[in-house]
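Input: a single structure, listed below in structure tokens.
In what follows, residues are counted from 1 in the order of the sequence shown. All heavy atoms count here, side chains included; hydrogens, waters and symmetry mates do not.
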Amino acid sequence: GSICCFCCISTLKTNLGWRMKVDVLGVVNLAGTPIPIVYVAAAVAALILLLGIFLLSRKSAVRDTVLFVGPAASGKTVIFHKLRDGAVVDTVTSMIENTGRFVPRGSVSSKAYQFVDVPGHERVRAKMQARLAAPNVRRVVCVVDAATVASSPRESAEVLYDVLVSRTLQRNRTPVLVVCHKSDSSSDRDSVSDTETVQKILE
């Protein structure tokens, strides 16, 4: 096939002994046939377009989402409403996400974040895993019920395991906060610290 080239000299001599006439900034192929400049412009435009698409596809997503994950009835929704509205509300177990973009109550910053209260029911565990794999996650808050985790740690352990083995979170080094909710109402509060509660989950 032909090979295109740009040149700023008037004459090009090759080691084969033949001469090829080129104009300044002209374009020719090896046969010496001029190539219309419109074709060159179209090729350059296509190259720029492909380069732009490639760069945009590699651009990292804006990491502004905070996820609340945890077993059902662990207190995720209560914390979500407390941060958004500043009030404690009565909640019921649901398999529907609560989402909202807002500045958390009591925050020293005026920056708003996207908060997602992910349902903890086992039937929608795949939805939580999909959320954890999203590239826009900034923080993960894993909520456990301190009043019951000592007696039934399985569900909390499964959720925390999914969080810790998430390749996306590991790759982005996403911070994970474990919140021992209802710890003030736990009957074991005097004998079991929050740190020991987390250790029990990990074991």
Side-chain angles (χ1 to χ4, degrees), residues 60-150 152-186 188-189 192-203:
S60 59
V62 177
R63 298 172 60 195
D64 64 346
T65 299
V66 179
L67 298 182
F68 290 102
V69 300
S74 60
K76 302 182 300 297
T77 305
V78 171
I79 297 175
F80 177 88
H81 284 283
K82 182 68 174 178
L83 290 175
R84 189 186 67 178
D85 307 320
V88 177
V89 298
D90 293 330
T91 63
V92 294
T93 302
S94 173
M95 290 191 288
I96 300 177
E97 289 184 343
N98 292 302
T99 63
R101 178 174 291 277
F102 53 85
V103 178
R105 291 297 184 98
S107 175
V108 297
S109 171
S110 60
K111 182 176 177 58
Y113 295 95
Q114 180 73 15
F115 290 85
V116 181
D117 168 22
V118 184
H121 199 283
E122 290 185 359
R123 291 174 57 185
V124 290
R125 184 64 56 80
K127 180 179 293 187
M128 183 196 74
Q129 294 170 342
R131 281 289 189 180
L132 294 174
N136 61 344
V137 178
R138 183 181 183 89
R139 298 285 189 276
V140 175
V141 181
C142 187
V143 184
V144 299
D145 186 345
T148 62
V149 68
S152 55
R154 184 183 64 84
E155 290 187 10
S156 297
E158 290 176 351
V159 172
L160 190 54
Y161 175 82
D162 286 341
V163 171
L164 296 179
V165 300
S166 169
R167 292 187 178 275
T168 302
L169 299 183
Q170 293 175 6
R171 182 171 60 252
N172 294 334
R173 298 188 176 183
T174 305
V176 176
L177 173 66
V178 179
V179 175
C180 294
H181 194 229
K182 308 177 189 177
S183 59
D184 55 345
S185 63
S186 173
D188 298 329
R189 187 70 179 106
V192 180
S193 68
D194 292 341
T195 301
E196 290 172 333
T197 299
V198 176
Q199 290 176 343
K200 184 176 181 61
I201 296 173
L202 294 176
E203 291 171 358

Strictly below 4.0 Å, N to O, side chains only: are Asp64 and Arg101 in salt-bridge contact?
yes
Closest non-hydrogen contact found for Pro71 with Val159 is N-CG2, 4.1 Å
In terms of heavy-atom contacts, Gly75 and Val143 come closest through C-CG1, 4.3 Å
Sequence neighbours excluded, the answer for ring-ring contact (aromatic ring centres under 6.0 Å, His included) partners of Phe68 is none
Closest heavy-atom pair, Ser107 versus Val103, reported as atoms and distance to 0.1 Å, is CB-CG1, 4.3 Å
Requested in this report: Look only at the side chain of Lys82 and the backbone of Val89, and say whether a donor-acceptor pair between them is shorter than 3.5 Å.
Outcome: no
Assess the residue pair Cys142 and Val69 against the criterion (side chain to side chain contact (heavy atoms under 4.5 Å, CB included)); give the C-alpha distance rounded to whole Å, side-chain angles, the decisive distance to 0.1 Å, and a yes or no. CA-CA 5 Å; Cys142 187; Val69 300; 4.2 Å; yes
Rounded to the nearest 0.5 angstrom, the NE2-CG distance for His181 and Asp145 is 8.5 Å
Under 3.5 Å donor-acceptor, Arg63 side chain and Val137 backbone
yes
>> Between Arg131 and Glu97 (salt bridge meaning N to carboxylate O under 4.0 Å), is one present in this structure?
In response: yes
Whether Gln170 side chain and Leu164 backbone form a donor-acceptor pair below 3.5 Å: yes
>> Between Lys127 and Met95, does the side chain to side chain contact (heavy atoms under 4.5 Å, CB included) criterion hold? Intermediate values first, please.
In response: CA-CA 10 Å; Lys127 180 179 293 187; Met95 290 191 288; over 6 Å; no
The reported gap from CZ in Arg154 to CD in Glu122 (rounded to nearest 0.5 angstrom) is 5.0 Å
Please determine whether side chain to side chain contact (heavy atoms under 4.5 Å, CB included) holds for the pair Gln114 and Asn136, giving the CA-CA distance in whole Å, both sets of side-chain angles, and the decisive distance to 0.1 Å.
CA-CA 10 Å; Gln114 180 73 15; Asn136 61 344; over 6 Å; no
Ignoring hydrogens and geometry, is there a side-chain-to-backbone donor-acceptor pair from Lys76 to Gly70 under 3.5 Å? yes
Heavy-atom nearest pair, Leu132 first then Thr168, reads O-CB, 3.8 Å
task: Decide if the gap between the ring center of Phe102 and the ring center of Phe115 is smaller than 6.0 angstrom.
output: yes
- Report yes if the side chains of Val144 and Cys180 come closer than 4.5 Å at any heavy-atom pair, otherwise no. yes
Between Leu169 and Val163 the two heavy atoms that sit nearest each other are CD1-O, 3.5 Å
For Pro119 and Val124, the nearest pair of non-hydrogen atoms, with its separation, is CB-CG2, 3.7 Å
Value for CD (Glu155) from NE2 (His121), rounded to nearest 0.5 Å, stands at 8.5 Å
